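First comes the structure, then the notes that go with it.
Note on naming: letters A, B, ... go to the chains in the order of the sequence lines (proteins, then strands), and numbering restarts at 1 for each one. Just so it is clear, the model here is predicted, and its values are computed rather than measured.
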Amino acid sequence: MAQKRTFQDYEADDDPKKKSKTGEIIREDKQQERDPKRNPYLAHMYNSEDEEDGGVGLNGFASNGQAFNNTYHSYTRGKSLDSFTRHRTTSAQASKAEDGPENPFTGNPLSEKYFGILKTRRNLPVHVQRDEFLKLYQETQILVFVGETGSGKTTQIPQFVLYDDLPQNRGKLVACTQPRRVAAMSVAQRVADEMDVTLGEEVGYNIRFDNKTSSQTILSYMTDGMLLREAMNDHDLKRYSTIILDEAHERTLATDLLMGLLKEVALRRPDLKIIIMSATLDAQKFQTYFALEEDKQAPLLAVPGRTHPVEIFYTEKAERDYLEAALHTVLQIHATEPEGDILLFLTGEEEIEDACRKINLEVDEMIREADAGPMKVYSLYGTLPPHQQQKIFEPAPPPSRPGGRPGRKCIVSTNIAETSLTIDGIVYVVDPGFSKQKVYNPRARVESLLVSPISKASAQQRAGRAGRTKPGKCFRLYTEEAFRKELIPQTYPEILRSNLASTALELKKLGIDNLVRFDFMDPPAPETLMRALEELNYLACLDDDGELTVLGRLASEFPLDPALAVMLISSPEFYCSNEMLSLTALLSVPQIFVRPNNNRKRADEMKALFAHQDGDQLTMLNVYHAFKSPEAQANPKQWCHDHFLSLRALQSADNVRTQLKRIMETNEIQLMSTPFEDKKYYENIRKALVAGFFMQVAKRDGTGKTYLTVKEEQSVLLHPSTVLASDAEWVLYNEFVLTSKNYIRTVTVVKAEWLLDIAPTYYNIDDFKKGDVKTALIRADERIRRKKALKGSR
DNA sequence: ATATGAGAC
């Protein structure tokens with residue numbers, strides 16, 4: 001049992017700088033005069049490219065292959081913007097237009113609801129600085145905007161831009177990117193309401209599988225990945241007059257690539273305005289990165305947020321066991337602190353479920369013995385089905401009897417509550433200081449998840465979750481010294497922690513010739529880039545000069561890992577593109593098999609119904625075909641439940657399949673099947689797998705259970721979930737799972753002859769060092785030669 | 001003899 005600790009053991013952090021900021025405008029670095037042709041302020045004096053050829057900006061493509069409407073806006077607009085001169089407007093002008101009576105963008109009368117929202121909008125912190133914003137926006141090409149939570153930046157800044165940029169007059173639109181789909185959708189809806197327009201008309205959103213924009217759209221919220229896809233087909237993003245990158249501090253892979261790309265586009269398109277929006281105070285990095293001239297930083301505008309102060313407490317000594325300390329702290333809050341909900345950050349599903357059980361037990365005891373108030377404990381993590389995630393928004397339980405101690409809820413969550421989900425009513429945050437993070441080892445070519453200390457920025461974000469509705473408290477289960485000295489300032493951006501094979505292919509398609517010289521905000525390790533290029537070269541997506549091949553160009557059209565894309569594109573050679581289409585989709589969605597802890601045996605029995613002795617991929621395909629049968633489709637929900645399958649995963653695979661099929665058709669890749677009665681039906685599929693995944697093959701090590709991966713010679717085990725009996729000599733795997741042991745998961749039996757035949761460059765026998773693998777390959781090669789000789793002599 | 005964070009095209 002941990003020693004009881006009182007809150008006096010925590011040291012209150014009274015450094016005022018760590019408490020919430022009071023707002024003042026930080027304005028730096030006015031843009032210098034430069035060549036008038038490059039000066040956007042003077043751009044109206046020159047014919048810009050898009051004015052000469054009119055529609056050129058409108059021929060962009062969405063990744064789903066739908067062409068955007070190539071006509072100028074033909075609908076009636078209001079007259080209140082007629083007197084506006086682009087990039088010369090003031091907030092007073094805009095406010096007047098906003099006040100009505102007619103909608104400036106549609107000409108329709110404005111609703112009562114609109115005026116209600118307008119009132120709240122004008123109370124947002126950003127509103128005070130509208131003129132400041134406009135001035136900077138007008139005089140510079142790239143602007144860094146820092147707005148803390150609650151400043152209104154995501155909803156208001158794009159509207160401020162609309163009133164000054166007037167994209168509707170030039171057949172253009174304004175883009176605002178978000179790292180997450182839900183954010184793009186919900187913000188678009190909110191802004192459509194604020195502007196009194198129908199979602200999908202003037203204001204829309206564009207995310208994978210759901211494009212709610214039209215030819216009338218002048219403001220589009222979209223995922224950063226979506227804009228990146230679009231850039232692959234239009235390197236200059238000509239449809240857009242202003243591009244706003246929101247939540248840039250999250251440093252997603254797509255945001256990082258877009259930033260590098262936009263820096264280049266800015267030089268080619270002086271008429272394009274760019275705004276980088278971030279919640280971090282580390283704005284300096286963005287300013288320096290976006291300096292288009294030497295020694296000149298990009299200008300910055302900072303707007304305060306609207307949050308309540310959060311008092312920070314640290315432990316006096318380092319905690320040996322953060323889990324125990326976390327539980328103890330939660331219980332102590334419940335026993336001694338006033339009303340308010342608790343948010344505890346842990347690292348993963350199992351840890352969270354375990355903690356919830358323990359808290360429940362302890363709270364029951366507190367209620368019995370100390371008359372504590374009731375507490376409802378909720379777990380929260382990404383793989384939880386949405387309806388269960390929604391439960392966290394239920395109100396806290398009432399006192400168990402009239403006049404009794406107040407009830408509260410306690411949410412035990414992964415990082416999902418740090419960025420993606422905000423829960424109002426949280427007053428206490430318990431932060432043990434860890435999260436699971438992806439790490440990539442280029443030498444082993446393996447990504448894995450590791451429980452690691454969080455960054456200072458992350459810790460601040462977590463603390464902020466306590467101050468959304470009223471002043472709160474954050475209990476950090478580490479010392480103040482550890483916070484100051486041991487935590488890194490920012491979480492390493494994703495680009496430094498990932499396999500970059502896809503990224504490298506995307507950059508090539510984006511027209512970046514020399515990846516090593518690409519201006520990354522944080523350049524990845526050269527070894528990681530080299531690995532990626534090497535992988536693409538083996539996949540024949542890049543030739544030996546590093547140029548995109550026809551195959552590479554095709555592969556980049558698919559929203560897939562290069563190996564999956566190559567597998568799919570090659571599949572007609574093996575007469576099974578229909579089947580590979582299904583399999584590719586299945587391999588790019590979450591696990592389809594469900595295995596609840598209390599019913600593992602039954603789940604395994606159900607899986608056995610679909611098992612194919614030669615591999616898990618074939619088994620998955622059997623599942624998919626059964627799922628599509630009329631019998632299953634009559635009641636898919638029941639059918640999936642009965643067979644321990646994830647309906648969500650299978651539906652999502654279906655969605656992906658439809659998208660991939662469309663891309664296949666657009667690129668005239670033949671769709672075909674080997675007849676099911678043909679004895680080569682499954683063999684052809686296994687060969688097609690080799691065409692993409694020949695680099696992920698392992699050979700059995702002697703007669704034991706261990707396998708060795710072919711080139712890296714890592715010792716691995718077949719994952720216990722496999723349908724394979726462990727005596728196949730060669731197996732191809734789709735996933736390398738690094739946990740307590742090295743496992744390969746989703747495996748299929750293959751033949752050495754196929755490897756030599758289908759991937760001769762990778763399996764060039766001379767390149768292998770002496771050993772078991774080489775010997776086996778030589779023997780297979782001899783078998784092939786004998787067969788050929790036999791054929792020849794007949 | 002089974003460990004996965006959250007997000008995206």
Winner on side-chain proximity to A:K705, out of B:dT2, B:dG7, B:dA1, is B:dA1
Taking for A:P720 and for A:P179 the nucleotide of DNA chain B with the nearest heavy atom, the one nearer the 5' end belongs to A:P720
Rounded to whole Å, the CD1-P distance (A:I352 to B:dG5) equals 7 Å
**Request:** Check every strand shown and say whether A:T252 touches a base, only sugar-phosphate, or nothing at a heavy-atom separation below 4.0 Å.
**Result:** nothing
| Which part of the nucleic acid, if any, lies within contact of A:R497, taking any heavy atom under 4.0 Å across all strands shown: a base, the sugar-phosphate backbone alone, or nothing? | base
To the nearest angstrom, the CG-P distance between A:L717 and B:dA1 comes to 7 Å
The residue among A:Q696, A:H719, A:R745 that forms side chain to side chain contact (heavy atoms under 4.5 Å, CB included) with A:Y733 is A:Q696
Here the distance between atom C1' of B:dA6 and atom CG of A:L384, to the nearest Å, is 14 Å
Walking DNA chain B from its 5' end, the first of A:K436 and A:S588 to be reached, judged by nearest nucleotide, is A:K436
field: Basic-acidic side-chain contact under 4.0 Å: A:R357, A:D354
entry: yes
Worksheet item: Are any of the side-chain nitrogens in A:E605 or A:R602 under 4.0 Å away from the carboxylate oxygens of its partner?
Response: yes
* Side-chain N or O of A:T223 less than 4.0 angstrom from OP1 or OP2 on B:dG7? -> no
Does A:E250 get its side chain close enough to the base of B:dG7, under 3.5 Å, for a donor-acceptor pair? no
Mind checking if A:E351 touches a base, just sugar-phosphate, or nothing, with heavy atoms under 4.0 Å?
nothing
A:M185 atom CE is separated from B:dG7 atom P, nearest whole Å, by 14 Å
Value for CG (A:L261) from CG (A:L237), rounded to nearest 0.5 Å, stands at 6.5 Å
| query | Aromatic ring centroids of A:H643 and A:F610 under 6.0 Å? | reply | yes
From CD of A:Q659 across to C1' of B:dA8 the rounded distance in Å is 11 Å
**Request:** Answer with base, sugar-phosphate or nothing: what part of the nucleic acid does A:K438 contact at a heavy-atom distance below 4.0 Å?
**Result:** base
- Item | OP1 or OP2 of B:dC9 under 4.0 Å from side-chain N/O of A:R181 | yes
**Message:** Using a heavy-atom cut-off of 4.0 Å across all strands, would you classify A:F558 as base, sugar-phosphate, or nothing?
**Reply:** nothing
Residues passing the salt bridge (charged side-chain N to carboxylate O under 4.0 Å, His left out) test with A:R468, sequence neighbours excluded, are A:D424
Among B:dG7, B:dT2, B:dC9, the one nearest any side-chain atom of A:I416 is B:dG7
From CZ of A:F345 across to P of B:dG5 the rounded distance in Å is 15 Å
Separation of B:dA3 atom P from A:N597 atom CG, nearest Å, is 11 Å
I want to check one thing: is the phosphate of B:dC9, taken as OP1 and OP2, less than 4.0 Å away from some side-chain N or O of A:S502? no
To the nearest angstrom, the CG-P distance between A:N499 and B:dA8 comes to 20 Å
Base, sugar-phosphate or nothing for A:D604? Non-hydrogen atoms, less than 4.0 Å.
base
Note to self: Does A:R745 contact B:dT2 through a side-chain donor or acceptor facing the base, at a distance under 3.5 Å?
What the structure shows: no
